[in-house]
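Working notes, beginning with the structure itself.
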Amino acid sequence: MQRRLLFSTLAVAVVAVLLLGLPLAFVLSRLQAGEAGQELRRDATTLATGLQERVNSGLPADATQVARSLPDRYVTISQRGTRPIVFGSKPPPGDTITGRASSRDFAVTVAADDSFVAGRIVGGLVLIGSLSLLAVAAAVVLALFQARRLTRPMLDLARAADLLGSGAARPLGRRYGLPELDRVAEGLDGSAQRIAELLSAERAFAVDASHQLRTPLTALSMRLEEITVTEELDTVKEEAAIALAQVERLTDVVERLLTNSRDPRTGSAVSFDLDEVIKQQIEEWRPAYRSAGRAIINSGKEHLKAVGTPGAVAQVLAAL
């Protein structure tokens with residue numbers, strides 16, 4: 001991903017530099033050509049004006065001497081009534097830049113090879129190219145910085161997602177200052193929190209189920225053992241009735257555990273008569289005590305009301 005971001009940013013920077021640099025190079029070449037033409041026209045105007053001033057002052061025109069002031073130009077001076085004076089080397093046809101000017105008695109043409117303009121254009125293009133390379137280099141540096149700034153959070157989020165998938169739910173607890181990535185991090189943190197709560201509820205359910213079911217299963221096992229060793233029909237019926245009561249208790253415990261696991265906030269507390277729960281437990285455990293030569297004695301206040309789960313209270317009494 002980091003390489004893709006780098007290449008995409010670099011491509012955008014190169015396209016932007018080309019879209020800006022090519023028109024700028026074209027405009028620069030046109031401007032240099034225009035400035036060269038203006039420069040030649042200024043030279044021609046200067047020559048024509050200087051010659052006219054000499055004539056107006058009564059001095060000889062001396063066009064050859066004046067033309068020598070521009071040794072690198074091809075100068076043509078035409079004076080009214082005389083032959084044109086030519087000074088300098090004539091540039092090749094097709095590669096000439098010309099500037100013309102005239103006064104009352106003189107017409108001056110200054111021509112030059114366009115190679116001096118090409119040198120200026122090349123210098124400007126070199127400057128544009130240097131600035132373009134500098135812009136591309138700056139874009140590369142910024143792309144590297146931005147790619148690292150974006151890929152590091154993505155790697156963190158990928159690791160957090162892997163931890164969620166492996167069951168090691170732990171909130172990331174980190175924000176990056178980027179709204180999109182922060183929303184993803186918040187979603188992962190919320191998922192990690194919910195998964196941690198679900199795992200904790202599952203562990204609590206397993207522990208609670210193990211604890212809650214152990215006593216009824218033990219009592220049921222005792223009832224079945226009593227049935228297997230006795231030969232009296234009345235005792236078998238009594239133990240079978242007690243075993244059925246234990247099965248009902250197990251069913252109640254399982255339903256209550258499942259209800260609490262689905263929604264821990266769902267409470268099953270009710271108001272009930274404590275004497276009925278105690279009586280039921282005494283009747284359930286009396287045969288076992290009687291076979292062991294022991295007795296169960298109930299003492300204390302009667303007709304007490306309690307608020308809670310009758311099954312849980314019965315489990316506590318059964319465990320005792």
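Start at 1 with the first residue, then count along the sequence.
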Residues 122-138 side chain polar contacts: donor-acceptor under 3.5 Å, at least two apart:
unit_1: S130; atom_1: OG; unit_2: V126; atom_2: O; d: 2.9
unit_1: S132; atom_1: OG; unit_2: I128; atom_2: O; d: 2.8

Would you say that [X] contacts [Y] through its side chain, given a criterion of any heavy-atom pair below 4.5 Å between the two side chains?
X	Y	value
R41	R100	no
L47	D43	no
N298	I282	yes
L274	V313	yes
N56	R104	yes

Review point. In the hydrophobic cluster built from side-chain contacts under 4.5 Å, what are the other members alongside L320?
Key: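 Once heavy-atom contacts under 4.5 Å are chained together, L320 belongs with V316.
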Point to revise | Residues that R286 engages under salt bridge (charged side-chain N to carboxylate O under 4.0 Å, His left out), provided they are two or more places apart | key: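 R286 satisfies salt bridge (charged side-chain N to carboxylate O under 4.0 Å, His left out) with no other residue.
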Exercise for review: Start with the C-alpha gap between V277 and L317, add the side-chain angles, then the distance that decides, and say whether side-chain contact (heavy atoms from CB on, under 4.5 Å) holds.
Suggested key: CA-CA 9 Å; V277 177; L317 293 177; 4.0 Å; yes
Review point. What distance separates Q52 CD from F106 CZ, expressed to the nearest 0.5 Å?
Key: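 Going from CD on Q52 over to CZ on F106, the span is 6.0 Å.
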Review point. Could you state the interatomic distance from CD1 (I296) to CD (E283), rounded to the nearest 0.5 Å?
Key: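 If I round to the nearest 0.5 Å, the distance is 10.5 Å.
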Could you tabulate the donor-acceptor pairs under 3.5 Å formed by side-chain atoms of residues 11-25, not counting sequence neighbours?
none

Check your understanding: Which is it for T98 and V110 under the side-chain contact (heavy atoms from CB on, under 4.5 Å) test, yes or no, and what are the steps along the way?
Key -> CA-CA 6 Å; T98 304; V110 179; over 6 Å; no
Check your understanding: Excluding sequence neighbours, so at least two apart, what forms side-chain hydrogen bond (donor to acceptor under 3.5 Å, both in side chains) with D275?
Key ->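 Counting only residues at least two positions away or on another chain, D275 forms no side-chain hydrogen bond (donor to acceptor under 3.5 Å, both in side chains).
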Point to revise | Nearest non-hydrogen partners of S103 and A48, listed with the distance | key: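 For S103 versus A48, the nearest heavy atoms are OG-O, 3.6 Å.
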**Study point:** Shortest non-hydrogen separation from A101 to A44 and the atoms involved
**Key:**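 A101 and A44 have their closest heavy atoms at CB-C, 3.5 Å.
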Practice item. For V108 and T76, run side-chain contact (heavy atoms from CB on, under 4.5 Å): C-alpha distance rounded to whole Å, both residues' side-chain angles, the deciding distance at 0.1 Å, then the answer. Key: CA-CA 6 Å; V108 179; T76 302; over 6 Å; no
Practice item. Only pairs at least two apart or in different chains count here, so list each salt bridge (charged side-chain N to carboxylate O under 4.0 Å, His left out) that has a residue in residues 299-310. Key: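 Salt bridge (charged side-chain N to carboxylate O under 4.0 Å, His left out) check on residues 299-310 returns no pairs.
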